[in-house]
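Residue numbers begin at 1 in each chain, while the letters A, B, ... track the order of the sequences. Treat the numbers as computed from the prediction; the structure is a model and nothing was measured.
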Amino acid sequence: MELKDHVFLSKELKDTFVVDVHIHVGGSTRYQKPRNDGDSVVYTMDRLGIDVTCASCSPGAYCDWMWGNEVCAEAHAGHPDRIKAYAVVNPNYEFDLDEYFVRDDRFFGLKAIPFVQGNLPIDCAGMQQYYAYADKHGLPVLFHAWQPSEVRDATAVARRYPNARFIFGHSGFTAVEEAVEACKLCDNVLLDTTISDIYDGALERIVSKVGADRVAYGTDLTAFECSHILGRVLLSRLTDTEKEKVLGLNAKEFLKL
Amino acid sequence: MRFIDARCQLGRRCVIRENEPVTKAEILELMDRCRIERAVAYHAIAKEGDVKAGNMELLKDTEGDSRFLRQWVALPHTFGEFMSVEELLKGMKENSVSSIRMFPKTHGYSLKPYALGKFMDAMAEHKIPVFMTYNELASEDALYAMLTDYPKVNFIISDVSYREERKLFPILEHCPNFHIGTGNYVVHGGVKTMCEYFGAERMIFDTGLPTGSAAAAVSLICFAEISEEEKTLIASGNLERMLSEVEL
């Protein structure tokens, strides 16, 4: 059975290790965001055969980030082997990350999205404390890296903090040239597949430019579905070996799962 | 499961992205790969350049090709610019065109009865479904007004994003002639929710090819937590029924 057949048979991926490096828990004031708690996430994971997801609390990025991190930690606590928790960081505050990574072991990485926290750039002064901490401890950092300028800033950060590991969310579809340059310059960068709507052929395009080792499955679940992005990978023109790398093997190695 | 795509565009577009399908052969390759049997198709020139010329190009591009179900783009008949309603219906019958697509925002006209009343009366009388994307409507209130102004016309509104449920669910509740194209309706568990609240009859499978993703659209339905009967209705049954009811 080829990987694509799972779509047509509506069968979960039992024999393939699947990691979603980019999901969210928590609701939203801006739009209806159903089934957003940890139990609902795991229900969807089981239906599709996703082994591990890496979550941040999306409303927490827009409001009280420490409250949001508790929401995310709760989802992780309910399913510690299935949901890994990114701590959202906020450049407007000074914060000792030992709180999350030494006195508390609920988090495994950071989520950085400073543009929603006062329209601040990724490489702003307030974020350096967090990048330095990630660098010191070899933590993964998930960037919202949509705009070309964000990807250029993220690349500068990745070069400055080589011991941290950075996932450039969205960028392989939205800022292709800059994402390719980031992969050329930085070994500590992985791209993801997260985007709600993109044409068939876009995944093949980015894989052809950076290699199948540099792209990981990500979806933005529960902000929206994940099955259609799974299908974009499964029904793409990538080989099954390449699909397996994108779906889970790259993330397993990069995130040390 | 048989998939029939309710939203496909043929023809050379002005703007394309790297590795994006353009030719009919590339679209057919994707349809084959994603096991889509047929597609309702309109022409890019009818959207981007000249409606009447684009509709004629569609006839040429689909001549003798059973994979595509012809769809014409329509304009209001304003002082001779476009075919009269009678000419439109005659042309549709002669050329096996079974549905209409409209671009009110892009093409710059009103959906109100003073501008479109006669046209929509004909769509209702001949049971011709009318397709448009959500971004062609000014707002959810404009959608509601259109659906209630023309309650006997079946509308298929596509490219509905994951952020619209608060706006659209009350309209679905009140307007039975409102159907959603599933292509970009990627709410977490959204297809299941729609089936539970409004029934599978309100959803029509579409892809938005070649700028939308057939792979994503097919997977969204295949992996949805609904019955096989509901999947069949969404994938092809609802559209086939609607098109079979057209009287020309």
- request: Taking atom CD of Glu196(B) as the centre, report whether more than 12 heavy atoms of other residues, nucleotides or ligands fall under 6.0 Å from it.
  value: yes
statement: To the nearest 0.5 Å, atom CZ of Arg163(B) lies from atom OG of Ser196(A) at 8.5 Å
query: Ignoring hydrogens and geometry, is there a side-chain-to-backbone donor-acceptor pair from Arg47(A) to Phe223(B) under 3.5 Å?
result: yes
- request: Might you point out which heavy atoms bring Ser219(B) and Gly231(A) nearest each other, and give the distance in Å?
  value: OG-CA, 2.9 Å
field: Side-chain donor/acceptor of His188(B) to backbone N/O of Thr222(A), under 3.5 Å
entry: no
- line: Whatever's closer than 4.5 Å to a heavy atom in chain B on Lys11(A) counts as backbone
- prompt: Near Glu48(B) CD, under 6.0 Å, is it more than 12 heavy atoms from other residues, nucleotides or ligands?
  reply: yes
- prompt: Can you find a heavy atom in the side chain of Lys4(A) that is under 4.5 Å from one in the side chain of Arg33(B)?
  reply: no
query: Minimum heavy-atom separation for Gly201(A) to Asn19(B), with atom names?
result: O-ND2, 2.8 Å
query: Of the backbone (N, CA, C, O) and the side chain (C-beta and beyond), which part of Lys167(B) lies under 4.5 Å from a heavy atom of chain A, both, or neither?
result: neither
- prompt: Thr207(B), Asn184(B), Asp159(B), Leu220(B): which one forms the most heavy-atom pairs within less than 4.5 Å of chain A?
  reply: Asn184(B)
- prompt: What distance do Gln32(A) atom CD and Leu168(B) atom CG have between them, rounded to the nearest 0.5 Å?
  reply: 10.5 Å
field: Heavy-atom pair count under 4.5 Å with chain B, highest-scoring of Val176(A), Leu221(A), Asp220(A)
entry: Leu221(A)
- request: Verify the neighbour count for atom CZ of Arg12(B): are there more than 12 heavy atoms of other residues, nucleotides or ligands below 6.0 Å?
  value: no
Toward chain B, the part of Leu230(A) with a non-hydrogen atom under 4.5 Å: side chain
query: Between Lys231(B), Glu29(B), Met1(B), which shows the greatest number of heavy-atom pairs under 4.5 Å with chain A?
result: Glu29(B)
- prompt: Side chain, backbone, both or neither: which part of Ser28(A) has a non-hydrogen atom closer than 4.5 Å to chain B?
  reply: backbone
query: What residue in Leu9(A), Thr44(A), Ile229(A) has the most heavy-atom pairs under 4.5 Å with chain B?
result: Thr44(A)
task: Using non-hydrogen atoms and a 4.5 Å limit, figure out which bit of Glu26(B) sits close to chain A: side chain, backbone, both or neither.
output: neither
- prompt: Between the side chain of Ser213(B) and the main-chain N/O of Asp200(A), is any donor-acceptor distance below 3.5 Å?
  reply: no
Partner residues of Phe8(A) under the side-chain contact (heavy atoms from CB on, under 4.5 Å) criterion, sequence neighbours left out: Leu235(A), Arg35(B), Val218(B)
message: So for Ile221(B), is it side chain, backbone, both, or neither that comes closer than 4.5 Å to the heavy atoms of chain A?
response: neither
Contacts of Glu136(B) that satisfy side chain to side chain donor-acceptor pair (under 3.5 Å) - sequence neighbours left out: Thr106(B)
message: What part of Ile198(A) gets within 4.5 angstrom of chain B, counting heavy atoms only: side chain, backbone, both, or neither?
response: both
field: Gap between atom NZ of Lys209(A) and atom CD of Glu18(B) - 0.5 Å precision
entry: 3.5 Å
- prompt: With distance as the sole test, does Tyr162(B) use its side chain to make a donor-acceptor pair with the main-chain N or O of Lys33(A) at under 3.5 Å?
  reply: no
field: Atom group of Ala224(B) that falls short of 4.5 Å from chain A, counting heavy atoms
entry: backbone
field: Side chain, backbone, both or neither of Phe173(A) within contact of chain B (heavy atoms, under 4.5 Å)
entry: neither
- prompt: Is a side-chain donor or acceptor of Glu225(A) paired with a backbone partner of Gly189(B) at a separation under 3.5 angstrom?
  reply: yes
message: Take a 6.0 Å sphere around CG of Asp15(A) and say whether it holds more than 12 heavy atoms from other residues, nucleotides or ligands.
response: no
- prompt: Just by distance, do the side chain of Arg166(B) and the backbone of Tyr31(A) share a donor-acceptor pair under 3.5 Å?
  reply: yes
